[in-house]
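What you see below is based on every heavy atom in this structure, not just the backbone, and it leaves out hydrogens, waters and symmetry mates.
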Amino acid sequence: MDLNTITSVAHPSSRAQLPAWTAGDAWLAGGTWLFSEPQAHLSRLIDLADLKWPALTITDTHLTIAATCTIAELDALTCPPDWLAAPLISQCCRAFLASFKIWKTATVGGNLCMSLPAGPMISLTAALDGVCTIWKAGGGEQKISVLDFVTGNQRNRLMPGDLLRQIDIPLAGLKRRSAFRQISLTPVGRSAALLIGNLDGDGALNLTVTASTVRPIRLSFPKQPDANALRAAIAHEITDDLYHDDIHGKPFWRKHMTLRLAEEIRRELLDSAQP
């Protein structure tokens, strides 16, 4: 869609060249949502392409995903064999309600910043203990976990002029045994519940609930719970007001599916931990 209120487009090539943020500005990365509907309140786009951030960087301790990394680039990553959680990358990429053309344009950072409950990059990075680096509008940086970055349906911790720079995934998270479950109302519909579980080296279970809830929620158990303990923990930590309500699933159904998928994950990981 043409954005006929835009009067200028800035092309900074470094942080120092980022223009001062004013009312009517918007960051432009993939633009798959930005150009999908009228944006009558916008007058200037700040294009991030010329910053040329490396899409993916692997260090001794982290996988760094640039906010401008596309879904296609992330899906194409060749992972070391000891990254037991590597299948989550492909599974979450395919949880998108999007064509291959969107994959080549849509960005990981854009999915986080939209902060939709069904955002699968939120699911992936939250489950893997991702940490966001935010360039603050007034200078400096802020680091915040993905779990804390998204605060609700289309709500997050960004202030006007703040820019999500990258998401760092600790390699320890990528080396955990994991399990993935996702469900939609229709075969190719938006996720109504997306849960990811993983086991620490000492057998502790972490369960990350997304899509069914308005924000990502982490439940941690120092040892693997039985079915009753898992249900009780979910009931305690995820109150009814936290379940999302839209045309893709009513709260009572999302709650039911969350409990069901969580138990499937518990059983899968329990079986994998047996000697």
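Minimum heavy-atom separation, Ile217 to Ile238: CD1-CG1, 3.9 Å. Contact detail for Ala85 and Ser178: the closest heavy-atom pair is CA-OG, 3.6 Å. Of all heavy-atom pairs spanning Glu73 and Ala55, the tightest one is OE1-CB, 3.4 Å. When every heavy atom of Leu174 is checked against every heavy atom of Leu63, the shortest pair comes out as CD1-CB, 4.0 Å. Heavy atoms only, all atoms of each residue included: Ile58 and Trp83 are closest at CD1-CH2, 3.8 Å. Counting all heavy atoms, side chain and backbone alike, Thr105 lies closest to Thr70 at O-CG2, 4.1 Å.
In this view, Asp245 and Lys250 satisfy the salt bridge (Lys or Arg N to Asp or Glu O under 4.0 Å) rule, not counting sequence neighbours.
In the hydrophobic clustering of ILVMFWY residues, with side-chain heavy atoms under 4.5 Å counting as a link, Leu230 and Leu259 come out together. In terms of hydrophobic clustering, with Ile, Leu, Val, Met, Phe, Trp and Tyr side chains grouped at heavy-atom distances under 4.5 Å, Leu261 and Phe221 are assigned to a common cluster. No chain of hydrophobic side-chain contacts below 4.5 Å, direct or via other Ile, Leu, Val, Met, Phe, Trp or Tyr residues, connects Met114 to Leu164. In the hydrophobic cluster analysis, where Ile, Leu, Val, Met, Phe, Trp and Tyr join through side-chain heavy atoms closer than 4.5 angstrom, Leu84 is grouped apart from Leu269. Residues Ile71 and Leu28 do not share a hydrophobic cluster, clusters being chains of Ile/Leu/Val/Met/Phe/Trp/Tyr side chains in contact below 4.5 Å.
Taking 4.5 Å as the limit, some side-chain heavy atom of Leu56 sits within range of a side-chain heavy atom of Leu74. Side-chain atoms of Asn198 and Phe180, non-hydrogen and from C-beta on, never get closer than 4.5 Å to each other. Side-chain atoms of Arg181 and Glu268, non-hydrogen and from C-beta on, do get closer than 4.5 Å to each other. Residues Leu219 and Asn206 have side chains not in contact (no heavy-atom distance under 4.5 Å, counting atoms from C-beta outward). When side chains are defined from C-beta on, Thr22 counts as touching Arg44, because their heavy atoms get closer than 4.5 Å. Side-chain contact between Leu34 and Trp27 is absent, with no heavy-atom pair separated by less than 4.5 Å. In this structure, the side chains of Ile167 and Val108 come closer than 4.5 Å at one or more pairs of heavy atoms. Residues Cys93 and Gln91 fail the side-chain proximity criterion, which asks for heavy atoms closer than 4.5 Å.
Checked for salt-bridge contact, Arg177 and Asp200 miss the test: no charged N lies under 4.0 Å from a carboxylate O. A salt bridge links Glu263 and Arg266; the closest N-O separation between the charged side-chain nitrogens and carboxylate oxygens is under 4.0 Å. The pair Asp129-Arg176 meets the salt-bridge criterion, since a charged nitrogen lies less than 4.0 angstrom from a carboxylate oxygen.
For Thr68 and Thr107, the side-chain atoms include no donor-acceptor pair closer than 3.5 Å. Of the N and O atoms on the side chains of Gln182 and Ser191, at least one donor lies less than 3.5 Å from an acceptor on the other residue.
Taking OG1 of Thr210 as the start and CD1 of Ile122 as the end, the distance is 8.0 Å to the nearest 0.5 Å. Atom CG of Asn4 and atom CG of Leu42 lie 11.5 Å apart (nearest 0.5 Å). Once rounded to the nearest 0.5 Å, the distance linking CG of Asp168 with CZ of Arg165 reads 9.0 Å. From Ile196, atom CD1 reaches atom CG of Leu124 across 6.0 Å, with rounding to the nearest 0.5 Å. Remark: Met257 CE to Leu185 CG distance equals 10.0 Å, nearest 0.5 Å. Rounded to the nearest 0.5 Å, atoms CG (Leu163) and CG (Leu48) are 5.5 Å apart.
A donor-acceptor distance shorter than 3.5 angstrom exists from the side chain of Thr7 to the backbone of Ser43, with no hydrogens or angles considered. Formation of a donor-acceptor pair under 3.5 Å by the Asn111 side chain with backbone atoms of Met121 is found in this model. Here the side chain of Ser115 pairs a donor or acceptor atom with the backbone of Leu112 at under 3.5 angstrom. For the pair Thr186 (side chain) and Gly189 (backbone), a donor-acceptor distance under 3.5 Å is present.
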TODO: Evaluate side chain to side chain contact (heavy atoms under 4.5 Å, CB included) for Asp240 paired with Lys255, printing each intermediate quantity in order.
DONE: CA-CA 8 Å; Asp240 287 349; Lys255 180 178 181 179; 3.0 Å; yes

Task: side chain to side chain contact (heavy atoms under 4.5 Å, CB included) evaluation trace for Leu128 with Leu88 - done: CA-CA 9 Å; Leu128 294 176; Leu88 294 177; 4.1 Å; yes

Open item on the list: Walk me through whether Trp135 and Glu141 qualify under side chain to side chain contact (heavy atoms under 4.5 Å, CB included).
Closed with: CA-CA 5 Å; Trp135 283 359; Glu141 292 184 350; 3.3 Å; yes

TODO: Apply salt bridge (Lys or Arg N to Asp or Glu O under 4.0 Å) to the pair Asp148 and Arg218, showing each step before the final yes or no.
DONE: CA-CA 10 Å; Asp148 293 327; Arg218 168 71 60 81; over 6 Å; no

TODO: Just do the side chain to side chain contact (heavy atoms under 4.5 Å, CB included) check on Lys143 and Val131 with the steps written out, would you?
DONE: CA-CA 6 Å; Lys143 292 188 180 294; Val131 175; 4.0 Å; yes

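Other residues, nucleotides and ligands contribute only 12 or fewer heavy atoms inside 6.0 Å of the NZ atom of Lys223. By the 6.0 Å contact criterion, CG on Asp2 is open, its count of non-hydrogen atoms from other residues, nucleotides or ligands being 12 or less.
The stretch residues 84-106 participates, sequence neighbours left out, in these salt bridge (charged side-chain N to carboxylate O under 4.0 Å, His left out) pairs: Asp75-Arg94.
A side chain to side chain contact (heavy atoms under 4.5 Å, CB included) with Cys113 is found for one member of Asp162, Val150, Leu158 and no other, namely Leu158.
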